[in-house]
Amino acid sequence: QVQLVESGGGLVQAGGSLRLSCAASGRTFRSVVMGWFRQAPGKEREFVAAIAWSDDSTYYGDSVKGRFTISRDNAKNTVYLQMNSLKPEDTAVYYCAARTGNGIRSNWRHYDYWGQGTQVTVSS
């Protein structure tokens, strides 16, 4: 079994920054992909970013490229999402997810484990 616990969400003004963390436990993550998704009320779950644990390759959704950075800490089994230049449209619940298959995927259906989510609210 895998447990993912997000933290770091909150309320921030437009233009500000937040860093989300996702602590993983329960198994070795050397061969999986870790991703961040978000979902705003009434909208589809949207891909934000992903990182492959094996080689640090990363991939970003178009709406966050150049503003968000995904990274990982092997020793802590933790993945981070640094969010800069936040906009009101970034407001959503942010979810951490883990994929046990090979290769980064942007479709949430390819991810096997999910955290409980953390709210990010960006005020204008």
Side-chain angles (χ1 to χ4, degrees):
Q1 191 58 278
V2 172
Q3 294 82 39
L4 302 174
V5 179
E6 303 101 332
S7 61
L11 173 65
V12 64
Q13 288 188 334
S17 299
L18 281 175
R19 189 178 79 157
L20 305 183
S21 300
C22 173
S25 62
R27 60 170 291 169
T28 301
F29 279 84
R30 297 300 181 263
S31 60
V32 303
V33 172
M34 299 294 293
W36 286 97
F37 291 79
R38 67 187 183 186
Q39 190 164 18
K43 293 189 176 181
E44 294 284 323
R45 190 164 294 193
E46 178 187 10
F47 172 75
V48 176
I51 185 167
W53 208 267
S54 58
D55 63 2
D56 266 352
S57 58
T58 58
Y59 186 66
Y60 294 91
D62 288 340
S63 61
V64 305
K65 281 181 183 176
R67 299 188 298 123
F68 291 10
T69 303
I70 189 171
S71 62
R72 61 167 174 81
D73 184 326
N74 274 353
K76 297 181 179 180
N77 266 353
T78 299
V79 176
Y80 303 98
L81 184 70
Q82 178 66 44
M83 305 186 295
N84 298 329
S85 301
L86 282 162
K87 305 174 182 180
E89 51 263 45
D90 293 319
T91 295
V93 176
Y94 282 70
Y95 296 93
C96 175
R99 165 176 160 76
T100 55
N102 290 324
I104 289 177
R105 298 288 186 272
S106 59
N107 189 317
W108 63 267
R109 295 173 180 82
H110 291 289
Y111 289 75
D112 307 292
Y113 302 97
W114 292 84
Q116 81 287 352
T118 185
Q119 177 71 46
V120 171
T121 303
V122 184
S123 63
S124 56

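Owing to the predicted nature of the structure, the values given are computational and were not obtained by experimental measurement.
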Residue from Phe47, Phe37, Tyr95 passing ring-ring contact (aromatic ring centres under 6.0 Å, His included) with Tyr111:
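When Phe47, Phe37, Tyr95 are each tested with Tyr111, the ring-ring contact (aromatic ring centres under 6.0 Å, His included) holds only for Phe37.
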Could you check Ile70 against Tyr59 for side chain to side chain contact (heavy atoms under 4.5 Å, CB included), going step by step and ending with a plain yes or no?
CA-CA 9 Å; Ile70 189 171; Tyr59 186 66; over 6 Å; no
Work out which heavy atom in Thr78 is nearest to a heavy atom in Ser21; give both atom names and the distance.
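Between these two residues, the closest heavy atoms are CG2-CB, 4.3 Å.
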Indicate the atoms forming the closest heavy-atom contact of Met34 with Ala98, along with that distance.
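Minimum heavy-atom separation between Met34 and Ala98: SD-CB, 3.6 Å.
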Salt bridge Lys87-Asp90, side-chain N to carboxylate O under 4.0 Å:
no
Atom of Leu4, atom of Ala24 and distance for their closest heavy-atom approach
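For Leu4 and Ala24, the tightest heavy-atom pair comes out as CD2-CB, 3.6 Å.
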Compute both the distance and the angle, then confirm whether Arg19 meets the cation-pi test with Tyr80: under 6.0 Å from the six-membered ring centre, within 45 degrees of the axis.
yes
Which pair of heavy atoms, one from Ser124 and one from Ala14, lies closest together, and at what distance?
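Heavy atoms only, the tightest pair is CA-CB, 4.3 Å.
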Considering non-hydrogen atoms only, spot the tightest contact between Ala49 and Leu81 and give its length.
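Taking Ala49 first and Leu81 second, the nearest heavy atoms are CB-CD1, 4.2 Å.
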For a quick test of reading the model, state the closest non-hydrogen atom pair linking Gln82 to Ser17 and the distance between them.
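Heavy atoms of Gln82 and Ser17 come nearest at NE2-CB, 3.9 Å.
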Separation of Gln119 CD from Thr91 OG1 (nearest 0.5 Å):
7.0 Å
Under 3.5 Å donor-acceptor, Glu6 side chain and Gln116 backbone
yes
Test of understanding: with side chain to side chain contact (heavy atoms under 4.5 Å, CB included), list the residues that count as partners of Glu46, not counting sequence neighbours.
Arg38, Ser63
Note, Arg99 side chain near Val32 side chain (heavy atom, < 4.5 Å):
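With C-beta onward as the side chain, the pair stays apart.
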Once side chain to side chain contact (heavy atoms under 4.5 Å, CB included) is applied, do any residues pair with Val120, and if so which ones, sequence neighbours excluded?
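Applying side chain to side chain contact (heavy atoms under 4.5 Å, CB included) to Val120 gives Leu18, Leu20, Met83, Tyr94, Val122.
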Are the side chains of Trp36 and Cys96 in touch, meaning some heavy atoms are under 4.5 Å apart?
yes
